[in-house]
Amino acid sequence: MYGFFALLVHGLIYSVVMGAVFRTRHSTGLGVFFCLLGTMHFLETYLAATFFIELPFGLISPGSTVMFTGKLAFFLLLYIKEDAEVMRQPIYGLLAGNVLMIALGLILRLYGQTANLPGYNPDFNFVDQMGLLMVVGSLLLFIDLIALVIIYERLGRSIARTVPIRMFISLALVLSFDQFFFYLGLHFLAGVPPSAFYGGWIAKTAAAAFFSLVMTVYLRFFERQPLPARARSAVDVFDRLTYRHRYERLVERVGRDALTGLLDRGQLDAKGTAMLQAASRSNASLSLMMIDIDHFKSVNDSHGHVVGDGVIRTIAETIAAAKGEGAELFRYGGEEFALLCPLTLPDAVASAERIRAAVADSRHPELERAMTVSIGIAAFPAHARSFWQLIEKADAALYQAKAAGRNRISPALPS
């Protein structure tokens, strides 16, 4: 009974201290947390090879059961709250440090004139044994974490909202794999008996449940912001989820309007020309709507630009929701939008009417009145043969709609 209690206290203290240091990462930096992981790595490996508690189901080491399972759990937390690039940094440090320890030990072993001090003679066999175990452990850790992320993300496709279950299944599967291979190393290097394998597997599964609960409590009460929703591939996971993932996000942001998130004027020029050429090759239709918010200047003048920005965002979202499948929406500039849609002129007029009505029905709590839009429409090939002509015709039609009283639709005049 005392053995169970000792392991429980060990796990609670480990969780509290590691969690507290991780919680302060935004003020003290992740370096403190990484140093703590490195310090615990040596003690964890040492205890896993030398210190065992005898329980009814086998020999249990706090280093292997509590500290290693806890380390995996906190690495998973690091992945969830930061990203895979941050997650893998301490692994490289641990592996490099362990190799360096063996190398330095070998160099010092060549020096045969060490001073003899009673009780303080160096034990290089111990250094070699621990160094080799730590290198093997670091390599296994790297494999474990790749598997951990893959399993965690794969489970997210079916049980995305049940984070505790995802954590437990991920940890339990990876720990089962690790227990087998790490035990082989302990058995051949340190002569650890088979009962340590079975007992360790049972204890690690229980520890996986314990730390999954700890991580859930931590996320629930200490880091309440929602977890990012990520759909990720299992192929080359660390590459896809770090440098490439960040690069893809950067590329996605380029060519988008910062206020609304819509494609910008430069994207309109590029996509519009390509869409018109594709329509020409396939004898299809392409319509362009130029959409302008009516009396928008009065909103900025009377309520300020913050409210005005909110109005632009709301109207952009309303248009995007009503634009129909296959249409591309752009922020043309200021309070003006452009909408490219693969529709004939009559269908584009019907679509524009839905958009106009949706904007008129939208609500703006900061304003005393509804907001409306005027829309000018030009179509290829009815009104123009090039994309620049299409813009000119749609813009002229927009001017007609505004001159006619606003909150209305105006198709371009026939060429």
Side-chain angles (χ1 to χ4, degrees), residues 18 22 30 33-34 37 41 44 64-96 98 134-185 200-201 203-216 218-219 223 226-252:
M18 295 291 287
F22 184 80
L30 278 167
F33 181 72
F34 291 166
L37 280 175
H41 184 67
E44 163 202 321
S64 179
T65 301
V66 176
M67 299 179 70
F68 180 74
T69 304
K71 180 170 68 177
L72 277 186
F74 274 99
F75 266 111
L76 182 57
L77 180 65
L78 186 63
Y79 168 74
I80 292 172
K81 299 305 297 182
E82 299 294 333
D83 62 17
E85 180 183 351
V86 174
M87 177 191 182
R88 67 182 183 178
Q89 289 172 2
I91 308 174
Y92 295 149
L94 291 174
L95 183 59
N98 297 335
M134 291 173 71
V135 169
V136 172
S138 297
L139 291 173
L140 279 176
L141 177 64
F142 188 77
I143 298 171
D144 288 345
L145 292 180
I146 294 176
L148 190 64
V149 170
I150 292 174
I151 295 170
Y152 180 82
E153 291 295 344
R154 287 281 183 151
L155 290 173
R157 300 178 183 179
S158 54
I159 52 175
R161 296 185 179 276
T162 54
V163 174
I165 298 177
R166 289 172 66 186
M167 286 183 173
F168 170 69
I169 296 176
S170 303
L171 287 170
L173 290 176
V174 170
L175 286 166
S176 298
F177 162 83
D178 182 86
Q179 176 65 12
F180 175 76
F181 285 98
F182 191 68
Y183 167 75
L184 290 180
W201 180 76
K204 282 183 176 179
T205 303
F210 171 80
F211 280 106
S212 297
L213 178 61
V214 168
M215 296 296 106
T216 303
Y218 176 84
L219 290 171
E223 300 218 19
L227 299 180
R230 295 182 269 207
R232 293 178 167 171
S233 168
V235 181
D236 199 11
V237 67
F238 274 92
D239 179 48
R240 287 186 178 273
L241 301 186
T242 56
Y243 302 113
R244 188 178 303 175
H245 179 65
R246 291 186 174 187
Y247 173 74
E248 288 172 352
R249 286 191 302 174
L250 177 62
V251 169
E252 185 180 349

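Positions are given from 1 along the sequence.
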**Study point:** Evaluation steps, side chain to side chain contact (heavy atoms under 4.5 Å, CB included), between F211 and L76
**Key:** CA-CA 11 Å; F211 280 106; L76 182 57; over 6 Å; no
Exercise for review: Assess whether side chain to side chain contact (heavy atoms under 4.5 Å, CB included) is satisfied between F180 and W201, documenting all intermediate values.
Suggested key: CA-CA 8 Å; F180 175 76; W201 180 76; over 6 Å; no
Point to revise | Criterion side chain to side chain contact (heavy atoms under 4.5 Å, CB included) on L171 and K204, from CA distance to verdict | key: CA-CA 9 Å; L171 287 170; K204 282 183 176 179; over 6 Å; no
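Side chains of F210 and V66 form no contact here, defined as non-hydrogen atoms less than 4.5 Å apart.
Distance CD/Q89 to CG/L78: 8.5 Å, rounded to 0.5 Å. Expressed to the nearest 0.5 Å, how far CD1 of I165 lies from CG of L155 amounts to 10.0 Å. Remark: Y79 OH to L145 CG distance equals 11.5 Å, nearest 0.5 Å. The distance from the CG atom of L77 to the OH atom of Y218 is 6.0 Å, given to the nearest 0.5 Å.
The minimum heavy-atom distance between F168 and A208, with the atom names listed, is CD1-C, 3.8 Å. Summarising the geometry of A73 relative to M215, their closest heavy-atom pair is O-SD, 3.7 Å, with the distance given to 0.1 Å. Here the closest heavy-atom approach between residue R166 and residue Y152 is recorded as NH2-O, 2.8 Å. In plain terms, the two heavy atoms of S212 and P164 that are nearest each other are CB-O, 4.0 Å.
By the 30° and 60° cut-offs, the orientation of the rings of F33 relative to F22 is perpendicular.
V174 is linked by a side-chain contact (heavy atoms from CB on, under 4.5 Å) to L72, D144, A147, L148, I151, counting only residues two or more places apart in sequence or in another chain.
Counting only residues at least two apart or in different chains, salt bridge (charged side-chain N to carboxylate O under 4.0 Å, His left out) contacts with residues 68-77 comprise E44-K71.
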